[in-house]
Every structure is written in C-alpha cells, then in structure tokens.
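Before any comments, here is the structure.
Everything quoted here is computed from the prediction, not taken from an experiment. Quick note: numbers below take in every heavy atom, side chains included, and nothing from hydrogens, waters or symmetry partners. Chain naming here is simple, since letters A, B, ... match the order of the sequence lines and numbering starts at 1 in each.
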2 protein chains.
Amino acid sequence: MDRKDDAGLKKAGLKVTLPRLKILQILESRPEERQHMSAEDVYRALLEAGDDVGLATVYRVLTQFEQAGLVERHNFEGGHSVFELVRGEHHDHMVCVESGRVIEFFDPEIERLQRVIAERHGFSIVGHSMVLYVKPRPVPD
Amino acid sequence: MDRKDDAGLKKAGLKVTLPRLKILQILESRPEERQHMSAEDVYRALLEAGDDVGLATVYRVLTQFEQAGLVERHNFEGGHSVFELVRGEHHDHMVCVESGRVIEFFDPEIERLQRVIAERHGFSIVGHSMVLYVKPRPVPD
DNA sequence: CTAATTGCAAAAGCTTTGCAGCGCA
DNA sequence: TGCGCTGCAAAGCTTTTGCAATTAG
C-alpha cells in the first residue's frame, strides 16, 4: 500500500516524505461521504493519528497535491477550502444545508450543455464548479 | 430614482441612510458586465465618487442587502466574495480565466436536470452555484 | 552531500466586531 | 428624542511566507 503511495508521489515529482505519505493516507482512508476535508480537518486527523505535522505543512502539501492533480480544491460557501482526493472521473457536488453531507454526482447531459453554452459565447471550458445546495425532501407517506 | 431606492430599502426594513443609498446606486449604475464587485471594489468606487464610507460599513451593508435579497454573494475562486445586484431572474456565471470577465447565462434545461438529480437523491434544491471557468476559443478564420 | 522539505512563528489578506458618537424617523 | 447606523481600530479566520534546522535521494 505504501508502494502505491510512493509511486503516486514520485510520479508527481515530489519527494516521498513522512508528512506527504501521512496526508495521502488520511485522504485515502476516508469513506467517500467523508472525503471533503478542510486543511484543518486533515491537520486534526494527523494529530489524532499521532503524527506531528505542522498546519503550514498541511497547507503546503495539499497545494502541491492539487498542482500535481492528486487532489481537488473546492470553495464551497463558508470561507474555507475543502480538499478531495481525485479518484477517477470528474463529478459535481450536492451539499445538504442541514447535515453538511456532501453527495457526488455526474450528469453527462449537463456537462454537454455546459460546453455548448461556453462555445455559443466563443469560449471553451477550462474547468467548472457546480454545487447544488439541497435539503432533504419530505417523503410522502 | 432615489424614490425607487428609498422604497427598496424600506421594504427591506432598513433605514434609508446615505451609505446605503450610495452603495445601492453604485451597484445600479454598473453595466451588466461589471456587476460583480468585491467589497473592496465598492469601497473604492465610493471613494472615487467622493463619498466617505468606511470599509466595515460596506461589508455590513452588503451583508444586509444580501439578507434582504437585494444582492447576491458569490464565492468565485480566489478567496474573496463578489456581490451582484439582484435584477430579475436567476442566472449562472462564466468567468474568463484570462480577462476575469464575467458572463451571465441561463439554461432552463440545466436547471431542470439539476432539480431532477436532486430529487433522485431525495433532496430538493435550496440554491445552487454554477461557474464555468473558460478561455477564449481561437476563432477559425 | 545538497537540494528539497519541514516547523514555527510571524505576516498577510479578507471579513467581522466593539464601542463611542452621529443621524434618521 | 431614541434607537439604529456609522467609523475607526482592533480582533478573527483562513492561508501564506521567511528562515533555520532536518531529511530524502
């Protein structure tokens, strides 16, 4: 398992250091519904795991991971950024305003329409962010 | 014209004060492509207009306007918030990564798909943000 | 060995808040 | 007149940076 992490880091041109490995493992060990962590979240997770890594290093490493394409940074509402391991193809997010839960989804038709719209205005898409803020729908019984 | 602004403020339960009127007018006087202003932008526009309003007041007023539904706050990438006068129906945004220009658009089909997706997951949409980051498409000559 | 990396603390934005004085209704 | 509003300066947050010490390759 460390093998895989080593490879990922090296491919990104990053030295394999303890803080970087630990942070990668924290992210990997998270279940999908808890994937979205702030720098502070990662920092606390490290402390809880007994690994003493400075908060500044957490920020630096997450930023490096982002540039290396290992991680995505999102700016949901509320001031701070959240990070998410890139595990496969692109997806968008739904955030429950009551529980804070984050659900991922992907809709090819929306993706297509986005490209069409950008083209219609003479642009091509470099990236996009789409976040739906939702609340549980009362289930009719 | 002040009449209209007065009414808007009163309806929002806000006293009609000079700073609030001035800020409202700054926003109203902006062409559509320049609608998206940071608090700092608004602050500078006020100074340039010779109106001495504190930055803290700008923040307070914009926040009040947001809560009153007169203004929308967006968190585009890059740390700070931008504010936009609510002039009518909802729309989404396209931000040119080269020029910083913001283009507004609306696509009923995307809106519909968003609702369908939320429902499929047992939620209803409270709000959403969709930002396409784009670059000019080389025009074939 | 040498350059990259880390930790700490300090600094840097952006935004909010406390408080005394001013102004609208 | 009275409560709400404003300005200023100070505090709060998240994030970044400078620098000496440490570590990977």
Specify the separation, in whole Å, of atom [atom1] of [X] and atom [atom2] of [N].
X: B/Asp52; N: D/dG7; atom1: CG; atom2: P; value: 8 Å
X: B/Gln64; N: D/dC5; atom1: CD; atom2: C1'; value: 8 Å
X: A/Leu21; N: D/dG25; atom1: CG; atom2: C1'; value: 14 Å
X: A/Leu55; N: D/dT15; atom1: CG; atom2: P; value: 9 Å

**Prompt:** What is the 5' to 3' range of DNA chain C, first to last nucleotide, that sits under 4.0 Å from any heavy atom of chain B?
**Reply:** C/dC14 to C/dA25
**Asked** In residues 10-19 of chain B, what residues come within less than 4.0 Å of DNA chain D, judged by heavy atoms?
**Response** B/Lys15, B/Thr17, B/Pro19
**Request:** For DNA chain C, determine which residues of residues 38-51 of chain A have any heavy atom closer than 4.0 angstrom to one of its atoms, and list them numerically.
**Result:** none
**Asked** Does the pair B/Glu84 and B/Arg87 meet the rule for a salt bridge (Lys or Arg N to Asp or Glu O under 4.0 Å), with working shown?
**Response** CA-CA 9 Å; B/Glu84 158 188 26; B/Arg87 283 150 304 163; 3.2 Å; yes
**Message:** I want to check something: taking the side chain as every heavy atom from C-beta on, are A/Asn75 and A/Val131 in contact at a cut-off of under 4.5 Å?
**Reply:** no
**Request:** Indicate yes or no: at least one non-hydrogen side-chain atom of A/Phe105 is less than 4.5 angstrom from one of A/Met94.
**Result:** yes
**Item:** Toward the 5' end of DNA chain C, by each residue's nearest nucleotide, B/Arg73 or A/Val58
**Value:** A/Val58
**Asked** What do you reckon, is CZ of A/Arg101 surrounded by more than 12 foreign heavy atoms closer than 6.0 Å?
**Response** no
Checking [X] side chain against [Y] main chain: does a donor-acceptor pair fall under 3.5 Å?
X: A/Arg20; Y: A/Lys15; answer: yes
X: B/Gln35; Y: B/Leu85; answer: yes
X: A/Thr57; Y: A/Val53; answer: no

**Request:** Could you tell me whether the side chains of B/Asp92 and B/His128 share a donor-acceptor contact shorter than 3.5 Å?
**Result:** yes
**Request:** Using a strict cut-off of less than 4.0 Å between a Lys/Arg side-chain nitrogen and an Asp/Glu carboxylate oxygen, indicate whether B/Arg44 and B/Glu40 qualify as a salt bridge.
**Result:** yes
**Message:** Students often get this wrong, so: under 4.0 angstrom with heavy atoms, is B/Arg60 touching a base, only sugar-phosphate, or nothing?
**Reply:** base
**Request:** Kindly assign one of parallel, tilted or perpendicular to the pair B/His74 and B/Phe76, based on the angle between their ring planes and the thresholds 30° and 60°.
**Result:** parallel
**Request:** Applying salt bridge (Lys or Arg N to Asp or Glu O under 4.0 Å), run through B/Lys135 and B/Glu98 and close with a yes or a no.
**Result:** CA-CA 6 Å; B/Lys135 66 166 195 283; B/Glu98 290 179 11; over 6 Å; no
